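The structure displayed is predicted, hence computed values, not measured ones.
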Amino acid sequence: MLLLALGVVLTASLHLVAAVPSLKSRIKARVGDRTYGPLFGIASLIGIAVIVIGWRASGFVPVYDPPAWGRHANFLLTLIAFICLGIFLFRGSWRQTLRFPMAFAVIFWSIGHLLANGDLASIILFGGFLVYALLHILIGISNGVRPSSEAREGHNLLSVFAGLALYGVMIQAHHALIGVPVFQLN
């Protein structure tokens, strides 16, 4: 579980850099604008790999019994999370309205999974990301972070379609990628 926690802390810390523009600028100045993106991407992939390895190595340690309706709530909250992800990916006016659509996506995803799972690994993973997303919003607001003011016509609708499509893909790929089937058809 230590590896899982390390992966969550590494990934969250890395992504909190975006909430502090002055820190992000200093890092970009040090490594160069052209190098920053690829380095950030590689570091993100390493963090995610550590999380996946840590998750798969963690044994099941029950902590609480999730509510019976938790799985159903997870489906809805994760759907909302994927729509927020779609809003983040596209430049519609909803992106400016939400201001932190990716952080809201992480919040909905985390809460949904905490309602559906009651084991220690889930608390570390989803609870850790919930704390990260809330910190991202708070730090971002205190630093005046705002998305690009550019809003493109039709992108609100595209963001919803993209979110729905990604949700469908994840439902199908969840077992292969995460090792946990979304549906048990017995």
Side-chain angles (χ1 to χ4, degrees), residues 1-16 18-19 44 47-90 94-95 97-141 156-157 159-186:
M1 302 254 184
L2 186 59
L3 191 60
L4 174 62
L6 178 66
V8 170
V9 169
L10 172 69
T11 303
S13 300
L14 179 68
H15 284 82
L16 281 174
S44 295
I48 291 169
V50 171
I51 288 170
V52 170
I53 293 167
W55 175 266
R56 289 185 180 242
S58 297
F60 184 81
V61 179
V63 176
Y64 64 89
D65 289 325
W69 48 267
R71 286 195 74 208
H72 302 292
N74 186 29
F75 288 126
L76 176 62
L77 292 171
T78 302
L79 172 61
I80 295 168
F82 272 96
I83 291 171
C84 288
L85 173 62
I87 291 169
F88 171 78
L89 294 172
F90 287 89
W94 291 347
R95 189 169 195 210
T97 303
L98 282 181
R99 194 167 168 186
F100 299 99
M102 181 61 95
F104 284 116
V106 172
I107 289 169
F108 286 118
W109 171 78
S110 297
I111 292 172
H113 282 77
L114 287 170
L115 289 171
N117 302 290
D119 62 295
L120 184 58
S122 292
I123 293 170
I124 291 169
L125 177 62
F126 304 115
F129 273 105
L130 178 60
V131 169
Y132 147 73
L134 293 170
L135 280 173
H136 185 95
I137 291 170
L138 292 172
I139 293 169
I141 288 171
N156 290 338
L157 187 59
S159 65
V160 172
F161 287 140
L164 291 171
L166 290 170
Y167 180 71
V169 168
M170 183 48 94
I171 285 175
Q172 297 300 314
H174 199 272
H175 187 279
L177 295 174
I178 311 302
V180 179
V182 173
F183 296 107
Q184 296 283 359
L185 300 175
N186 290 344

query: Can you check side-chain contact (heavy atoms from CB on, under 4.5 Å) on Thr11 and Phe129, steps first, answer last?
result: CA-CA 9 Å; Thr11 303; Phe129 273 105; 4.0 Å; yes
task: Starting from the C-alpha separation in whole Å, work towards a yes-or-no answer on side-chain contact (heavy atoms from CB on, under 4.5 Å) for Val106 and Leu130.
output: CA-CA 7 Å; Val106 172; Leu130 178 60; over 6 Å; no
field: Test side-chain contact (heavy atoms from CB on, under 4.5 Å) applied to Asn117 and Leu125, step by step
entry: CA-CA 11 Å; Asn117 302 290; Leu125 177 62; over 6 Å; no
- request: Report the C-alpha separation of Thr78 and His113 in whole Å, then their side-chain angles, then the decisive distance to 0.1 Å, and conclude whether the side-chain contact (heavy atoms from CB on, under 4.5 Å) test is met.
  value: CA-CA 8 Å; Thr78 302; His113 282 77; 3.6 Å; yes
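The aromatic ring centroids of Phe126 and Trp109 lie less than 6.0 Å from each other.
From Leu164, atom CG reaches atom CG of Leu79 across 6.0 Å, with rounding to the nearest 0.5 Å. Separating the CD1 atom in Ile80 from the CD1 atom in Ile107 is a distance of 12.5 Å, to the nearest 0.5 Å. The distance from the CG atom of Leu114 to the CG atom of Asn74 is 9.0 Å, given to the nearest 0.5 Å. Separating the CD1 atom in Ile48 from the CG atom in Leu10 is a distance of 10.0 Å, to the nearest 0.5 Å. If you take CG on Leu16 and CD1 on Ile139, they are separated by 5.0 Å, rounding to the nearest 0.5 Å. To the nearest 0.5 Å, atoms CG (Leu3) and CD1 (Ile51) are separated by 9.5 Å.
The shortest side-chain heavy-atom distance between Phe108 and Ile83 does not fall under the 4.5 Å cut-off. Side-chain atoms of Pro66 and Arg71, non-hydrogen and from C-beta on, never get closer than 4.5 Å to each other.
Residue pairs that meet the side-chain hydrogen bond (donor to acceptor under 3.5 Å, both in side chains) test with at least one member in residues 56-70, sequence neighbours left out, do not exist here.
Cys84 and Ala105 make their closest contact through CB-CB, 3.7 Å (heavy atoms, listed as atom of the first residue, atom of the second, distance). Residues Leu98 and Pro101 approach most closely at CD1-CB, 4.0 Å, considering heavy atoms. The two atoms that bring Gly86 and Ala162 nearest to each other are CA-CB, 4.5 Å, heavy atoms only.
With hydrogens and angles ignored, the 3.5 Å screen pairs no side-chain donor or acceptor of Asp119 with any backbone N or O of Phe60.
When the side-chain contact (heavy atoms from CB on, under 4.5 Å) test is applied to Ala103, the partners found at least two apart in sequence or on another chain are Phe100, Ala133, His136, Ile137.
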Tell me which donor-acceptor pairs under 3.5 Å the side chains of residues 167-179 have, and how far apart each pair is, sequence neighbours excluded?
from: Tyr167; atom 1: OH; to: Phe75; atom 2: O; distance (Å): 3.0
from: His174; atom 1: ND1; to: Val180; atom 2: O; distance (Å): 2.6

